[in-house]
Amino acid sequence: MSERRYQAREIEAKWQAVWAQERTWEVPNRAVPDSASARPHPPAARHDGPRRDKSYVVEMLPYPSGEPHIGHLKNYAIGDAIAHFRRRTGHRVLHPMGYDSFGLPAENNAIKTGVHPRVATEQSIAAFQRAFRSWGISIDWSREIASHEPEYYRWTQWIFLQLYRRGLAYRKESAVNWCPNDQTVLANEQVVDGRCERCGHVVELRQLEQWFFRITDYADRLLDDLDTIDWPEHVKTMQRNWIGRSVGAEVNFRCQELGIDYPVFTTRPDTLFGATFFVMAPEHPDVLRLAAGTENERAVRDYVNHALTESAEERGDLDKTKTGVFLGRTVTNPVTGEEIPMWVADYVLMEYGTGAIMAVPAHDERDFAFARAYDLPIRQVVAPRDGSPVPSDEAYVTKADDAILVNSGDFNGLTPKAGFERIVHWLDMEGIGHPSVNFRLRDWLVSRQRYWGCPIPIVYCPACGMVPVPEEQLPVVLPDIQEYQPKGRSPLAAAEEWVNTACPECGGAARRETDTMDTFVDSSWYFLRYCDARNDAAAWDPAVLREWMSVDQYIGGVEHAILHLLYARFFVKALADMGLLDVQEPFNALFTQGMILGPDGQKMSKSRGNVIPPTPLIERFGADAVRTYILNMGPPDQDAAWNDNALTGAHRLLSRLYTLGAELAADSDPSLAAAAETLAQPVEPTGDGLTLVRKANWAIDRVTSEFVGRFGFHNAIAAVTELVNDLYRLPRADAEARRFAIATAASLIFPFAPHLGAEVFELATGRRAWEEPWPAADPAMLVAESFELVCQVNGRVRDRVQAPSGAPREELERLALAAPGVIAHLDGQEVVKVVVVPDKLVNVVVR
RNA sequence: GCCGCGGUGGUGGAACGGUAGACACGGCGGACUCAAAAUCCGCUGCCGGAAACGGUGUGAGGGUUCGAAUCCCUCCCGCGGUACCA
């Protein structure tokens with residue numbers, strides 16, 4: 001008995017060295033043979049044998065801040081398992097890595113400590129690199145990128161210019177979200193419940209000139225193309241809600257006194273006859289003009305001033321009673337001809353629709369509440385078809401077919417749906433309205449008044465105006481500065497020698513744009529750069545993208561369901577429209593992993609003190625055990641609480657498998673081991689050997705189906721566990737059957753515990769697991785010659801008897817009726833019916 | 001409010017409409033040991049029973065079915081998203 005204890009550290013170091021030395025996971029591009037030849041690949045690294053399907057597997061790139069945490073490990077353990085499986089099922093797998101290395105936390109850290117963000121970020125990147133290697137993640141390191149490096153952001157700037165050129169990047173003054181703590185503007189997507197997503201401060205609205213990307217141009221396609229991708233339904237739903245498409249009509253309401261038309265957007269043109277007043281947002285530019293000269297002028301002015309100073313949070317409070325002020329003017333309801341009063345009220349939002357609404361209090365809850373508060377008329381124009389009364393204390397909002405229009409002139413008696421169509425058509429004919437679609441989605445605000453980000457490649461010239469930096473002058477390099485403290489403008493503005501530049505057009509004195517880009521810009525295209533990461537002549541070669549895009553499997557946290565995933569989709573569509581790319585969607589399949597919670601079931605956080613740092617665990621139990629445990633915690637898309645004990649269970653499984661491999665290698669005749677050239681299962685196993693061979697095939701089938709299906713890796717690991725347990729239970733099975741079963745277990749655990757899998761596979765076969773094709777289950781071994789027939793009486797199990805597989809129904813029925821447990825429960829009752837499920841059960845129905 | 005996802009032993013979780021609780025953790029018992037750890041073996045939903053076995057059981061209540069954790073209806077609870085979006 002030699003040393004047979006499972007020493008994870010030794011085994012892991014051994015295989016990590018092999019993979020690093022042989023660059024096992026590097027995959028050259030095929031489209032441009034020369035692009036990869038700068039670094040010669042040893043023969044073992046070649047994957048260019050017979051034509052293989054490509055598979056592009058990407059995990060969301062990490063934001064490098066401090067040390068990696070256990071959630072990163074989960075993310076990459078899932079992706080790595082998938083990458084390994086795809087490699088072994090005949091795919092050329094691209095599995096790269098990079099860092100989303102610009103961003104606020106590094107800059108805030110710099111403000112606190114004075115350490116340059118680049119220094120802190122690069123330290124963190126080094127920690128991530130060490131971690132990825134010690135975890136044994138199969139990464140193609142030849143394609144590594146970091147978004148803060150000029151070699152990368154040069155092309156981020158290039159993409160900005162392409163968008164600018166096509167009018168998709170533009171500068172505009174508007175009311176924007178301003179975080180007073182971080183001293184920068186934020187995208188709509190970064191404001192959560194009226195607060196800054198990062199620091200939690202209440203966000204203010206400020207009127208500022210900022211850079212936007214015209215993502216709203218793509219609203220329809222971003223919505224429609226969700227149907228073409230294999231994403232979790234809840235993520236698609238979140239995106240649909242965020243885009244928020246509403247179908248309705250635009251209708252003109254004319255103010256006769258001033259001779260101005262005011263269009264409104266409504267999703268209920270069918271209720272137009274019930275519009276009894278008209279409301280404008282306090283920010284509407286015409287509000288003060290309308291009120292001017294009326295007796296309400298002063299009240300309106302006060303109301304508007306008050307509304308503008310309120311925070312988004314206060315204004316959004318639903319419980320607050322509705323307020324507003326009469327403008328002293330009227331507009332004409334275009335269908336009734338009535339003059340209806342104009343009001344200003346803060347429940348109307350300037351950002352949505354036209355900033356003005358027609359109010360139909362009878363059929364809209366908000367209008368109802370407002371009408372009640374100010375005693376405005378409420379006219380019912382939709383009623384139940386059967387004439388039943390509607391409650392008088394709330395709005396009747398139905399548009400179902402059991403309701404009909406009333407008090408609506410020629411349109412009486414129509415269903416709301418039909419009324420919608422007819423009224424819109426009539427408005428169109430009369431030239432006072434038309435069908436219209438509105439989106440909730442706003443353009444993406446991309447400029448930030450912060451230092452640690454990608455400079456916007458624009459120059460302001462007193463003579464030429466706004467001038468894009470010529471492409472050949474890229475990158476606009478982010479200069480080093482000393483003072484990071486934001487002062488309401490970018491800290492870059494203080495870097496005078498950088499800011500002052502020559503106008504690319506006239507050569508005169510000009511100033512650089514000092515805002516930087518939102519870091520979500522950097523991460524909206526990195527998966528494109530991976531494909532052609534070392535290209536220094538272009539962001540990518542379109543031919544290379546044709547080889548790899550789209551991403552076949554994307555893996556990441558659901559917290560990016562809207563922001564990153566929407567922005568990346570927009571980028572791909574915009575770039576495709578420019579002819580730079582052939583696909584419409586970046587990520588064909590998405591998997592969202594759940595969070596690992598602390599042992600207390602709460603989200604891990606330093607303040608709670610429930611953080612599980614991965615490194616000590618890996619030193620103690622090995623990366624394989626931690627990876628296996630994390631994937632065994634439950635369905636990987638669900639949140640799960642950490643449990644140290646369960647981790648030792650995963651370690652025990654690997655240890656037991658290792659012992660089997662070590663004993664096999666020690667006990668077997670060396671010539672036999674050497675002769676095990678083929679991995680074929682024993683030809684005609686018998687007894688326990690047959691049981692083991694069957695179990696191994698069953699496990700192959702189960703593990704494979706989890707990879708093909710829902711990534712239920714906990715079930716896959718359970719199947720391997722059962723196989724290992726059987727190997728312990730059946731020590732006397734013949735040697736070749738055991739060898740086959742042990743090799744199979746090692747082969748199947750390899751995607752989850754690659755070092756241990758490789759080690760045991762080598763012990764059992766002398767070969768390398770990752771160079772072997774994924775095992776295929778032998779159909780003949782998936783069925784036994786007999787099975788346990790479940791015998792039920794009235795649906796309750798009363799006995800179990802052995803029956804031959806494939807036996808005819810009559811025989812199964814006969815066996816069941818003869819089973820003692822069944823006879824005991826028949827008890828002289830009449831057999832009404834016998835249900836037979838072949839190879840499974842018989843149910844005897846008695847009365 | 002609206003949209004989405006869930007609710008199964010002490011715990012994490014299994015289960016094409018066909019044996020509910022695989023596998024793991026925890027617990028109990030045993031082997032090995034001077035002893036402990038490690039390792040190995042066995043038992044473990046609940047109630048009754050020494051056992052065989054019987055009853056009961058998947059948030060609640062109905063329904064469909066020979067048979068329901070699974071399908072349908074009503075409701076309760078939890079989680080996530082979103083919300084004066086006209």
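All heavy atoms count here, side chains included; hydrogens, waters and symmetry mates do not.
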Side-chain contact check for A/D346: nearest option of B/C84, B/U19, B/G54 is B/C84
Distance between the C1' atoms of B/U56 and B/U64, in whole angstroms?
-> 24 Å
Rounded distance in Å between the P positions of B/G67 and B/U11 = 31 Å
Does a salt bridge link A/D367 with A/K322, judged by any charged N lying under 4.0 Å from a carboxylate O?
-> no
Find the runs of at least 3 consecutive base pairs, i with j, i+1 with j-1 and so on, that include RNA chain B, using Watson-Crick or G-U wobble geometry with both distances under 3.5 Å.
-> B:1-7 with B:76-82, B:10-12 with B:23-25, B:26-31 with B:39-44, B:45-48 with B:53-56, B:59-63 with B:71-75
Lys/Arg-Asp/Glu bridge criterion (N-O < 4.0 Å) met for A/D624, A/R627 | no
Determine, using ring centers only, whether A/F265 and A/F253 are less than 6.0 Å apart.
-> no
May I ask you to say what A/P232 touches in the nucleic acid, namely base, sugar-phosphate or nothing, with a heavy-atom cut-off under 4.0 Å?
-> nothing
Please measure how far the C1' atom in B/A24 lies from the corresponding atom in B/G18, and state the result in whole Å.
-> 26 Å
Taking only the side-chain nitrogens and oxygens of A/Q638, find out if one of them lies under 4.0 Å from OP1 or OP2 of B/G6.
-> no
Give me the residues of residues 348-359 of chain A where at least one heavy atom lies under 4.0 Å from an atom of RNA chain B, by number, or none.
-> A/V348, A/L349, A/Y352, A/I357
Separation of the P atoms in B/U65 and B/C72, to the nearest angstrom = 16 Å
Using a cut-off of 4.0 Å on non-hydrogen atoms, how would the nucleic acid contact of A/Q792 be classed: base, sugar-phosphate, or nothing?
-> base
Nearest whole angstrom, please: distance from the C1' of B/G4 to the CD1 of A/I562.
-> 12 Å
To the nearest angstrom, the CG-C1' distance between A/D639 and B/G12 comes to 13 Å
Residue A/K833, side-chain atoms from C-beta onward, closest of B/C85, B/A83, B/C66 | B/C66
Looking only at non-hydrogen atoms, find the nearest pair between A/A345 and A/T323 and report the distance.
-> CB-O, 3.3 Å
Give the rounded distance in Å between these two atoms: CD of A/E233 and P of B/G6.
-> 12 Å
Would you indicate what A/V835 reaches in the nucleic acid, counting non-hydrogen atoms under 4.0 angstrom: base, sugar-phosphate, or nothing?
-> base
Judged by modelled atom types alone, do A/R656 and A/N725 share a side-chain donor-acceptor pair under 3.5 Å?
-> yes
Do the ring planes of A/W642 and A/Y629 sit parallel (below 30°), tilted (30 to 60°) or perpendicular (above 60°)?
-> perpendicular
Nearest to the side chain of A/H234, which nucleotide is it out of B/G80, B/G4, B/G13?
-> B/G4
After noting the C-alpha distance and the side-chain angles of A/F707 and A/F752, does the key distance pass the ring-ring contact (aromatic ring centres under 6.0 Å, His included) rule?
-> CA-CA 12 Å; A/F707 273 108; A/F752 313 114; 5.5 Å; yes
RNA chain B nearest-nucleotide lookup for A/H714 and A/R366: closer to the 5′ end is A/H714
Within the pair A/K840 and B/G18, is there a side-chain N or O less than 4.0 Å away from OP1 or OP2?
-> no
Inter-nucleotide C1' distance (B/C25, B/C43), Å rounded | 16 Å
Return the value, rounded to whole Å, for the distance between atom OH of A/Y629 and atom P of B/U11.
-> 16 Å
A/F370/A/Y374 under ring-ring contact (aromatic ring centres under 6.0 Å, His included): CA gap, chis, key distance, verdict = CA-CA 6 Å; A/F370 192 78; A/Y374 292 95; 4.9 Å; yes
Phosphate-side-chain proximity, A/R440 and B/A83, N/O vs OP1/OP2 below 4.0 Å | yes
Of the candidate nucleotides B/A38, B/U19, B/A86, which contains the atom at the shortest distance from the side chain of A/V797?
-> B/U19
Do any side-chain nitrogens or oxygens of A/R796 fall under 4.0 Å of OP1 or OP2 in B/U56?
-> yes
Kindly assign one of parallel, tilted or perpendicular to the pair A/F621 and A/H651, based on the angle between their ring planes and the thresholds 30° and 60°.
-> perpendicular
Over how many whole Å does the gap from A/M280 atom CE to B/C85 atom P extend?
-> 19 Å
For A/N632, report the nucleic acid contact type (base, sugar-phosphate, nothing); a contact means any heavy atom under 4.0 Å.
-> nothing
Electrostatic pair A/D220-A/R245, nearest N-O below 4.0 angstrom | yes
Under a 90° cut-off about 0 for the syn range, is B/G26 syn or anti?
-> anti
When rounded to the nearest Å, what value does the distance between C1' atoms of B/G29 and B/C16 take?
-> 39 Å
Quick one: do A/V844 and A/E813 satisfy side chain to side chain contact (heavy atoms under 4.5 Å, CB included)? Show the steps, please.
-> CA-CA 9 Å; A/V844 182; A/E813 180 172 338; over 6 Å; no
Could you tell me whether A/R442 and A/E351 have a side-chain N and a carboxylate O separated by less than 4.0 Å?
-> no
Taking CG from A/N643 and P from B/G13, how many angstroms apart are they, rounded to a whole number?
-> 11 Å
Could you measure between the two P atoms, the one in B/A50 and the one in B/G57, and give it in whole Å?
-> 24 Å
Between the base of B/C66 and the side chain of A/N843, is there any donor-acceptor pair under 3.5 Å?
-> yes
Does A/N438 or A/W698 map to a spot on RNA chain B nearer the 5' end, using the closest nucleotide for each?
-> A/W698
Check whether any side-chain heavy atom of A/V382 lies under 4.5 Å from a side-chain heavy atom of A/Y396, and answer yes or no.
-> yes
Taking the same atom, C1', in B/G45 and in B/A22, what whole-Å distance lies between them?
-> 15 Å
Quick one: do the A/D637 and A/T592 side chains pair a donor with an acceptor below 3.5 Å?
-> no
Length of the line joining A/I243:CD1 and B/G81:P, which is rounded to integer Å = 18 Å
Full working for side chain to side chain contact (heavy atoms under 4.5 Å, CB included) between A/V344 and A/L327 = CA-CA 7 Å; A/V344 56; A/L327 283 177; 4.1 Å; yes
Starting at CZ of A/R798 and ending at P of B/U19, how long is that distance when rounded to a whole Å?
-> 15 Å
Under 3.5 Å between N/O atoms: give me all the protein pairs with nucleotides 39-46 of chain B, atom names plus distance.
| residue | atom | partner | partner atom | Å |
| --- | --- | --- | --- | --- |
| B/C40 | OP1 | A/R656 | NH1 | 2.7 |
| B/C41 | OP2 | A/R656 | NH1 | 3.4 |

Out of B/U19, B/C3, B/A24, which nucleotide sits closest to the side chain of A/T721?
-> B/A24
